[in-house]
Amino acid sequence: MCGIVGYVGEKEATPVLINSLKKLEYRGYDSSGIAVINSAWNEDSSDEAIIVRKCKGAIKFLEEKIEAELVKGAINGKVGIAHTRWATHGEPSDLNAHPHTDVSGTIAVVHNGIIENYGELKAWLQSRGVVFKSQTDTEVIAHLLNYFYTQGAEGVRSENTRGDIFASVHAARQKLVGSYALGVICKDFPDRLICVRKESPLIIGLGQNENFIASDVPAVLEYTREVYFLEQDEMAVLYNDHVDLFNAYAEKVVRQPFHVDWDISSAEKGGYAHFMLKEIHEQPKALHDTLKAHLVTEKSASGGKEGKPVALSFSDEINDADFKKMIQNAKRIVITACGTAYHAGVVGKYAFEKFARLPTNVDVASEFRYRDPILDKDDVFIVVSQSGETADTLAALRLAKSRGAKIIAITNCVGSTVSRESDYVIYTLAGPEIAVASTKAYTTQLMCLYMLALCFGSERGVLSRAEFERLLTELESISDKAQNILDNKTEIQKFASKQFNKSKIFYIGRQFDSANSLESAMKLKEDSYMHCEAFAAGELKHGPIALVDKDTLVIAIATEPSLYEKLASNIIEVKSRGAATMVITSDTSGAFDSCCDSVIQIPSGESALESMLSVIPAQLFAYYCSVLRGNDPDKPRNLAKSVTVE
């Protein structure tokens with residue numbers, strides 16, 4: 001979704017806002033804008049009270065637009081808000097870009113989310129003479145705020161909201177239906193910035209004589225590591241020297257800030273051409289860190305060095321006794337997520353059924369909430385979300401919780417809504433993921449799902465002690481194997497250089513590989529804009545083969561030796577119809593050498609765990625195709641990182 005930043009402090013706000021906004025451009029990049037309370041303004045001058053500048057396109061175009069004014073010092077102000085947009089209501093344009101103001105220019109607003117009743121509110125405001133300039137739902141908020149600010153509303157915080165910007169924001173939010181994170185400034189209160197949050201994420205950064213708001217942590221890391229994660233329905237008023245937090249009833253609340261321990265360099269490109277390529281290469285470390293956080297090893301006799309892995313522990317996040325009781329009582333696993341996280345869930349289904357012998361359902365979160373699902377108190381409900389703020393996933397979580405199911409969350413974001421509302425949380429230690437197309441988030445989600453499946457299998461007696469420890473050892477080897485793939489990526493790049501102009505691409509596989517094909521195809525669609533489908537290899541003959549011709553590329557994923565022969569047969573079928581073919585495989589026998597144009601070798605091991613490896617060549621292939629086709633792999637068109645609307 002969109003990215004919000006805000007600043008109040010002793011520095012000039014505009015450079016800080018632009019710099020912070022760049023850290024959030026992965027959240028929206030079809031337009032951007034800033035609004036700053038003019039330090040030089042007074043009622044007798046002709047200057048703008050709130051200086052607003054906005055522009056269609058990437059942030060660099062906004063920078064170019066205001067460059068001359070910055071040099072002249074014409075955009076001076078110590079308080080401001082800024083926004084990078086992912087369009088929902090209204091096409092990308094200068095006019096539809098945020099911030100939006102009321103007619104008088106007294107109030108400016110930035111907004112992440114969707115106002116579902118904006119049509120009704122717009123009609124009501126128009127009936128009172130308000131003239132709208134844009135097509136956005138956000139402009140409604142600016143005019144609604146001004147209505148309460150100028151006309152008043154009784155019984156909100158003071159006797160009347162007239163002239164009270166805090167009370168006006170509080171009154172306005174009670175009229176808004178939907179999801180929103182808001183940043184609000186008012187010319188009559190040039191020392192403060194107000195924010196409010198419902199559904200859409202918002203953090204507050206606490207600095208020295210300066211404070212910030214942002215949609216995500218990377219925006220403030222350069223300035224502070226102390227943050228508040230704004231809770232549902234909370235408001236805050238930021239001054240340069242302190243921040244006041246308020247609950248849904250406008251009552252003050254007190255909370256300790258959270259210290260962010262990310263290395264700031266992890267949110268920078270670090271010499272890589274794109275964040276996507278950097279994050280693909282960060283997977284060995286991310287996989288290692290995610291496993292290490294929960295892996296218990298046997299101390300060796302010599303020097304107390306770490307020995308073989310013997311157990312998994314989630315005691316940092318959960319009560320062991322309660323967790324084990326939940327595992328023993330479990331009758332079914334239900335996994336729900338969206339997009340890439342959903343694909344991880346499909347792999348997880350195979351893992352839970354293989355290693356824990358528990359029936360497992362996987363649902364797209366946006367469908368789950370509307371089909372009146374059948375849930376039992378002994379169901380274990382697993383939600384997977386990189387951001388921990390995905391709107392449909394949160395709705396599914398809340399529905400499952402209301403039906404009595406136990407909730408396990410897998411997320412990358414400490415303090416996110418998903419993490420706070422779940423019974424148990426397992427964190428992926430992937431660090432910040434800036435590229436819109438998830439890579440390391442996916443593989444670390446798989447690592448968490450595999451760990452949970454093995455833990456369930458061990459606790460329920462499905463896996464013997466020896467088999468459990470063997471599989472833990474296999475998990476421990478995954479990060480080194482991932483590094484091996486990255487060290488030998490040249491063949492993938494060469495193949496991409498020959499195939500990046502194909503008009504049809506199919507990913508096929510069987511069992512775990514079929515599930516992993518879904519994510520592999522999505523990466524190619526997201527970044528290269530090449531039409532790509534994924535399906536079980538056995539389904540080729542039931543329709544899709546009619547599309548195969550010389551303009552087709554078929555990529556097979558093959559990590560299960562017992563199915564190599566059948567998959568090779570599928571490859572021969574498409575090759576005889578003119579398709580180019582590639583196989584990503586851990587086979588060492590040469591089973592595919594004679595039937596494929598290119599064989600991408602991945603290290604062999606426990607085939608059921610190799611989804612974390614076989615997807616890496618597919619990620620690289622998608623990246624290279626994107627670059628070869630002239631796209632920006634970090635910012636796929638029409639997509640944003642954290643989807644906080646339905």
Does Asp379 reach the main-chain N or O of Asp376 with its side chain, forming a donor-acceptor pair under 3.5 Å?
-> yes
Tell me, do Pro432 and Val217 make a side-chain contact under 4.5 Å, heavy atoms counted?
-> no
Report yes if the side chains of Met451 and Leu454 come closer than 4.5 Å at any heavy-atom pair, otherwise no.
-> no
Supply the atom-to-atom distance Glu533 CD to Ile508 CD1, rounded to the nearest 0.5 angstrom.
-> 12.5 Å
Heavy-atom closest pair, residues Thr360 and Glu353 = N-OE2, 3.0 Å
Backbone N or O of Ala430 within a donor-acceptor pair of the Asn412 side chain at under 3.5 Å?
-> yes
Got Gln232 and Lys198 here, is their nearest side-chain heavy-atom distance under 4.5 Å?
-> yes
Not counting sequence neighbours, which residues clear ring pair (Phe, Tyr, Trp, His ring centres under 6.0 Å) with Phe592? List them please.
-> Tyr564
On the 0 to 90° scale, with breaks at 30° and 60°, tag the Tyr272-His281 ring pair as parallel, tilted or perpendicular.
-> tilted
Checking side-chain hydrogen bond (donor to acceptor under 3.5 Å, both in side chains) for the pair Thr417/Glu389: CA distance, chi angles, key distance, verdict?
-> CA-CA 6 Å; Thr417 306; Glu389 303 290 350; 2.7 Å; yes
How many angstroms lie between atom NZ of Lys285 and atom NZ of Lys440, to the nearest 0.5 angstrom?
-> 8.5 Å
Given side-chain contact (heavy atoms from CB on, under 4.5 Å), test Val347 with Leu449 step by step and report yes or no.
-> CA-CA 8 Å; Val347 176; Leu449 287 164; 6.0 Å; no
Check whether any side-chain heavy atom of Leu486 lies under 4.5 Å from a side-chain heavy atom of Pro284, and answer yes or no.
-> yes
Heavy-atom distance under 4.5 Å between the side chains of Leu553 and Met530, does that happen here?
-> no
Lys/Arg-Asp/Glu bridge criterion (N-O < 4.0 Å) met for Arg371, Glu367 = no
Does the side-chain contact (heavy atoms from CB on, under 4.5 Å) test come out yes or no for Thr340 and Lys523, once each step is laid out?
-> CA-CA 9 Å; Thr340 286; Lys523 286 286 104 38; 3.2 Å; yes
Does the Arg398 side chain pair with the main chain of Lys401, one donor and one acceptor, at a distance under 3.5 Å?
-> no
Does some side-chain heavy atom of Val334 sit less than 4.5 Å from a side-chain heavy atom of Phe368?
-> yes
His274 and Tyr623 aromatic ring geometry - parallel, tilted or perpendicular at 30°/60° bounds = perpendicular
Salt bridge between Glu469 and Lys308, side-chain N to carboxylate O under 4.0 Å?
-> yes
CD1 of Ile410 to OG1 of Thr428, rounded to nearest 0.5 Å, is 8.5 Å
So which heavy atom on Ile571 is nearest to which on Cys595, and how close?
-> CG2-O, 3.3 Å
Can you spot which of Thr585, Asp587, Asp593 makes a side chain to side chain donor-acceptor pair (under 3.5 Å) with Ser589?
-> Asp587
Compare all side-chain heavy atoms of Arg510 with those of Glu560 and state whether any distance is below 4.5 angstrom.
-> no
Phe500: what forms a ring pair (Phe, Tyr, Trp, His ring centres under 6.0 Å) with it, not counting sequence neighbours?
-> none
Using modelled atom types only, decide if a donor and an acceptor are shared between the side chain of Asn516 and the backbone of Ser611 within a distance under 3.5 Å.
-> yes
Please collect all ring-ring contact (aromatic ring centres under 6.0 Å, His included) contacts where either partner lies in residues 331-362, sequence neighbours excluded, each pair once.
-> Tyr350-Phe512, Phe352-Phe456
Does any non-hydrogen side-chain atom of Ser607 lie less than 4.5 Å from one of Pro561?
-> yes
Any donor and acceptor pair, going by atom type alone, linking the side chain of Asp363 with main-chain N or O of Thr336 inside 3.5 Å?
-> no
Between Leu375 and Ala400, what is the shortest heavy-atom contact and its length?
-> CD1-CA, 3.6 Å
Any sub-3.5 Å donor-acceptor pair from Arg403's side-chain atoms to Pro373's backbone N or O?
-> yes
Could you walk me through whether Leu620 and Leu277 pass the side-chain contact (heavy atoms from CB on, under 4.5 Å) test, one step at a time?
-> CA-CA 8 Å; Leu620 287 165; Leu277 185 61; 4.2 Å; yes
Check: Asp634 side chain, Met276 main-chain N or O, donor-acceptor pair, under 3.5 Å = yes
Search all heavy atoms of Leu613 against all heavy atoms of Pro603 and return the closest pair with its distance.
-> CD1-O, 4.0 Å
Rounded to the nearest 0.5 Å, what's the gap from CZ on Arg460 to CD on Gln328? Could you check?
-> 6.5 Å
Got a sec: does the NZ of Lys354 have more than 12 other heavy atoms crowding it under 6.0 Å?
-> no
With rounding to the nearest 0.5 Å, note down the distance linking CG in Leu394 to OG in Ser422.
-> 8.5 Å
Quick one: pull up CZ in Phe495 and SG in Cys625 and give me the separation to the nearest 0.5 Å.
-> 9.0 Å
Phe621/Tyr507 under ring pair (Phe, Tyr, Trp, His ring centres under 6.0 Å): CA gap, chis, key distance, verdict = CA-CA 12 Å; Phe621 182 72; Tyr507 269 94; 7.2 Å; no
In short, Ser385 meets Thr411 closest at the heavy-atom pair O-OG1, 2.9 Å
Glu610 and Ser586 side chains, donor-acceptor separation under 3.5 Å | yes
What's the shortest heavy-atom distance between Thr559 and Ser614, and which atoms?
-> CG2-CB, 4.2 Å
Among Leu429, Leu475, Thr444, which residue meets the side-chain contact (heavy atoms from CB on, under 4.5 Å) test with Leu291?
-> Leu475
Test Leu471 against Leu463 for side-chain contact (heavy atoms from CB on, under 4.5 Å), laying out the working first.
-> CA-CA 10 Å; Leu471 290 166; Leu463 297 174; 4.1 Å; yes
Just by modelled atom types, is the Leu287 backbone N or O under 3.5 Å from a matching donor or acceptor in the Thr290 side chain?
-> no
Has the side chain of Glu279 got a donor or acceptor atom that lies under 3.5 Å from a matching backbone atom of Ser438?
-> no
Of Lys406, Lys331, Lys325, which meets salt bridge (charged side-chain N to carboxylate O under 4.0 Å, His left out) against Asp378?
-> Lys331
Side-chain H-bond candidate by donor/acceptor type, Thr443 with Gln283, under 3.5 Å = yes
In Lys502, Lys504, Arg577, the residue satisfying salt bridge (charged side-chain N to carboxylate O under 4.0 Å, His left out) with Asp549 is Lys504
Ser458 (side chain) donor-acceptor with Cys455 (main chain) under 3.5 angstrom | no
